[in-house]
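Below, chain A is the first sequence line, B the second, and so on; all start at residue 1.
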Amino acid sequence: MGKFFSNKDIAKLFREISASYAAKGEDRFKIIAYDNAATSVEHATSELKDLWEDGKLDTVPGLGKSIRGHLDELFKTGKVKHFEDVKKDLPQGMFDLLEVGGLGPKSAYKLAKELKIKNVDELENAAKSGKIGNLPGFGKKSEAEILTAASEVKGRGNISRYLLTDAFPVAERILSHLRNHKDCERAEPLGSLRRMVATVGDIDIAVASKNPKAIVDHFKKFREISRVLEAGPRKASALLQNGIRLDLMVQPANAFGALLQHFTGSKNHNIHLREDAIKNGMSVSDYGIKVGKKLHEFATEEAFYKFLKMDYIIPEMREDTGEIEAALGHKLPEVLDIRDIKGDIHLHSSYPIEPSHDLGKDSFEQIIKRAKELAYEYVGLSDHSPGVSTHTKAQIIDLIKKRSHKIEQLKSSNIEFRILNLLEIDILTDGTLSVPEEGLKILDGAIAGIHSSHHHDKKTITKRMMTAINSPYVQVISHPTGRLLNQRESYEADWTKIFEACKKTQTILEINAYPNRLDLPDTLVREAINVGVKLIINTDSHKLEHMDNMKYGVSVARRGWAKPKDIINTLPWANFRKYFNVT
DNA sequence: GCCGTTTTCGGCCCGACTGTTTTCAGTCG
């Protein structure tokens, strides 16, 4: 057995092979194939190593016979001879240089080979000393460009993706800047922001205008821009001071539909659309759809998709995971909408329960008031359980009884509105729960989650989760993968086994709507509902404002193709309550 | 290298922008 190769490692390896082939001027489709394989591996929901052990590598798109053979060798021996041969006569330093914006494989190869540059630091020095400008194919302008881009790589550190909640306010500011221009008829945020991907890499903006040049000029004046990367007659890109990249495209309103569609993506969705179009004698671009020489323009996306004989596809589903086939066959599911949500049951209050983790900021009463404003029918009050290391068993029971007494009073003073007396309990490192059975019996139900030892291996994590799933007192598993976006990876778990157990015990998996969680992730949502597991969308609020995050959880569900019936908090109280210990 | 409801061979999305060129290659989304 060699060392463990994660999907991230493998994707990086494929990208290097792709770049190597590009540097060598190999067949461009081979280059694309390795790039596609890398992307596919990055999107996979299981570790390739596990799939390989189960003989299921062929379920990953983009991995053909040849690449699967290489992976076989990698997992068995820890290396791939063919890959080493490909990279053998290339300067190793070139791969680091690909991080620098504007440098592709050809330029990186030249710089690493001719100037013996091994990393971004050396690249910066070479540019400063004027060595790059003298190289054939490079000039003074590209030297200056490289110098700037190299320093930006060092400045941005490790963060390359932004939370939706961080990106939206920035998008709003650039949109309002653009909308202030008299020639701006419409401005929309597109790309991964519109598709509501959990994290976004850049902000894409489309503008409808008869005067694209004026819009581009106005765009360049946005106060938060640190550097304009490029600016043509209808397209521009810029870097913001906070490191986010902005991309702008402009099109007249009568042809705006194709631009919306193009710029929303995803890339793979568009490629698939265009390949299908070719087979039908058409050519699709951001200008419209060409049939022969005639260009058909579309004011709306609906008209665009209709022309291709497809049902309208919501942005959240445009990831080329079957939505195109479904739209052609008129078989797209009716996914849920934020208006379907009737309650939120993962809410932390300021009630002094002496928890192991953080208290919320607001009282039960304030939470209930806010829930009513949101037109919910019910809430679950679910503070963390009392700390196990700081309390005796008897003290824990006592605290739960006192809290329950208070909640019972609230129930009787809110007859029309429904309140669940819950706790979010810990699945401890040994697999036991942080509240003894005697305490659990007092509650209307429990949400259980892993809050410690996230580093445990796949087998241990799975076992810990199974004890909670199999407990008759646990109805919901919170933030099931434990990921914290940009901070902590998901832990490994046997999802097939977990989904089966959830289905059998009618245990609900949470889609946690907290913006740096969004957990279950969309891909696992889709797998779970395919098995028949029921889900619930909760905000995990620690203050009232957090209750507005429900929309992010709904987007995750929509990206996972969830219908209202897959999500139990779309149910009216009469049906919803059956999942809990209430009459 | 991958892939298949017109294909196991012969295809593989489409276009913008920039710099170093003298008609185009490289990079990007």
Could you list the donor-acceptor pairs under 3.5 angstrom formed by side chains in residues 304-324 of chain A, with sequence neighbours left out?
unit_1, atom_1, unit_2, atom_2, d
Y305(A), OH, Q261(A), NE2, 3.1
Y305(A), OH, H269(A), NE2, 2.9
Y305(A), OH, R318(A), NE, 3.4
D311(A), OD1, H330(A), ND1, 2.8
D311(A), OD2, H330(A), ND1, 3.1
Y312(A), OH, E301(A), OE1, 3.3
Y312(A), OH, R318(A), NH2, 3.4
E316(A), OE2, R558(A), NE, 2.8
R318(A), NE, I313(A), O, 3.0
R318(A), NH1, E301(A), OE2, 2.8
R318(A), NH2, E301(A), OE1, 3.1
R318(A), NH2, E301(A), OE2, 3.4
R318(A), NH2, I313(A), O, 2.9
E319(A), OE2, R195(A), NE, 2.8
E319(A), OE2, R559(A), NH1, 3.0
E319(A), OE2, R559(A), NH2, 3.3
D320(A), OD1, H272(A), ND1, 2.5
T321(A), OG1, R526(A), NH1, 2.9
E323(A), OE1, D320(A), N, 3.2
E323(A), OE1, T321(A), N, 2.7
E323(A), OE2, H269(A), ND1, 2.7
E323(A), OE2, E319(A), N, 3.2
E323(A), OE2, D320(A), N, 2.6

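- The distance between atom CG of D35(A) and atom C1' of dC2(B), rounded to the nearest whole Å, is 13 Å.
- Regarding I271(A), its CD1 atom lies at a distance of 15 Å from the C1' atom of dG11(B), rounded to whole Å.
- Distance from the side chain of K141(A) is smallest for dT20(B) among the nucleotides dC2(B), dT20(B), dC14(B).
- A donor and an acceptor atom, one from each side chain of T39(A) and N36(A), are nowhere located under 3.5 Å apart.
- Atom CZ of F83(A) sits about 15.0 Å away from atom NZ of K88(A), to the nearest 0.5 Å.
- Between S142(A) and the phosphate of dT18(B), there is no side-chain N or O to OP1/OP2 separation shorter than 4.0 Å.
- Taking atom CD of residue Q251(A) and atom P of nucleotide dC14(B), one finds them 17 Å apart after rounding to whole Å.
- Cation-pi contact between K12(A) and F5(A): absent, since separation from the ring centre below 6.0 Å together with deviation from the ring axis within 45° is not met.
- Judged by distance alone, the side chains of E527(A) and T45(A) do bring a donor and an acceptor atom under 3.5 Å apart.
- dG15(B) atom P lies 14 Å from atom CD of Q261(A), rounded to whole Å.
- Nucleic acid contact for A231(A): sugar-phosphate only, since backbone atoms but no base atoms lie under 4.0 Å from a heavy atom of the residue.
- Residue contacts shown for H82(A) are limited to sugar-phosphate atoms, with no base heavy atom under 4.0 Å away.
- Base pairing annotation: dT8(B) forms no Watson-Crick or G-U wobble pair, as no partner gives both donor-acceptor distances under 3.5 Å.
- Residues V86(A) and I32(A) both approach DNA chain B. Their nearest nucleotides, taken by heavy-atom distance, put V86(A) toward the 5′ side.
- At dC2(B), none of the side-chain N or O atoms of H70(A) fall inside 4.0 Å of OP1 or OP2 (strictly under the cut-off).
- When the C1' atom of dC13(B) is taken as reference, atom CD1 of I289(A) falls 13 Å away, rounded to whole Å.
- For the pair S285(A) and K30(A), nearest-nucleotide mapping onto DNA chain B gives the more 5' position to K30(A).
- At whole-Å resolution of the value, CZ in R28(A) and P in dC2(B) are 17 Å apart.
- Neither OP1 nor OP2 of dC14(B) sits under 4.0 Å from any side-chain N or O of Y287(A).
- When the P atom is used for both dC2(B) and dT6(B), the distance is 23 Å, rounded to whole Å.
- Computed from coordinates, the I215(A) CD1 to dA16(B) P distance equals 18 Å when rounded to whole Å.
- Heavy atoms of R234(A) sit under 4.0 angstrom from primed sugar atoms or phosphate atoms, though from no base atom.
- For dC13(B) and dG19(B), the P atoms lie 28 Å apart once the distance is rounded to whole Å.
- Atom CD of E325(A) is separated from atom P of dG4(B) by 10 Å (rounded to the nearest Å).
- The residue K65(A) sits close only to the backbone: its heavy atoms come under 4.0 Å of sugar-phosphate atoms, none of a base.
- No contact: L273(A) has no heavy atom under 4.0 Å from any strand.
- Scanning residues 112-133 of chain A for heavy-atom distances under 4.0 Å to DNA chain B yields an empty list.
- Between S283(A) and dC14(B), a side-chain N or O to OP1/OP2 separation shorter than 4.0 Å is present.
- Look at dT7(B): its glycosidic torsion is within 90° of 0, and that puts it in the syn range.
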Q: Would you mind building the protein contact string for nucleotides 21-29 of chain B? One character per nucleotide, 5' to 3', B for base within reach (heavy atoms under 4.0 Å), S for sugar-phosphate only, - for untouched.
A: -----SSSS
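- Residue L229(A) is out of contact with every strand shown, counting any heavy-atom pair closer than 4.0 Å.
- Look at the P atom in both dT18(B) and dG11(B): the space between them is 35 Å, to the nearest Å.
- Using a 4.0 Å heavy-atom criterion, one finds that N36(A) contacts no nucleic acid atom at all.
- Side-chain N/O atoms of D519(A) and T481(A) include a donor and acceptor closer than 3.5 Å.
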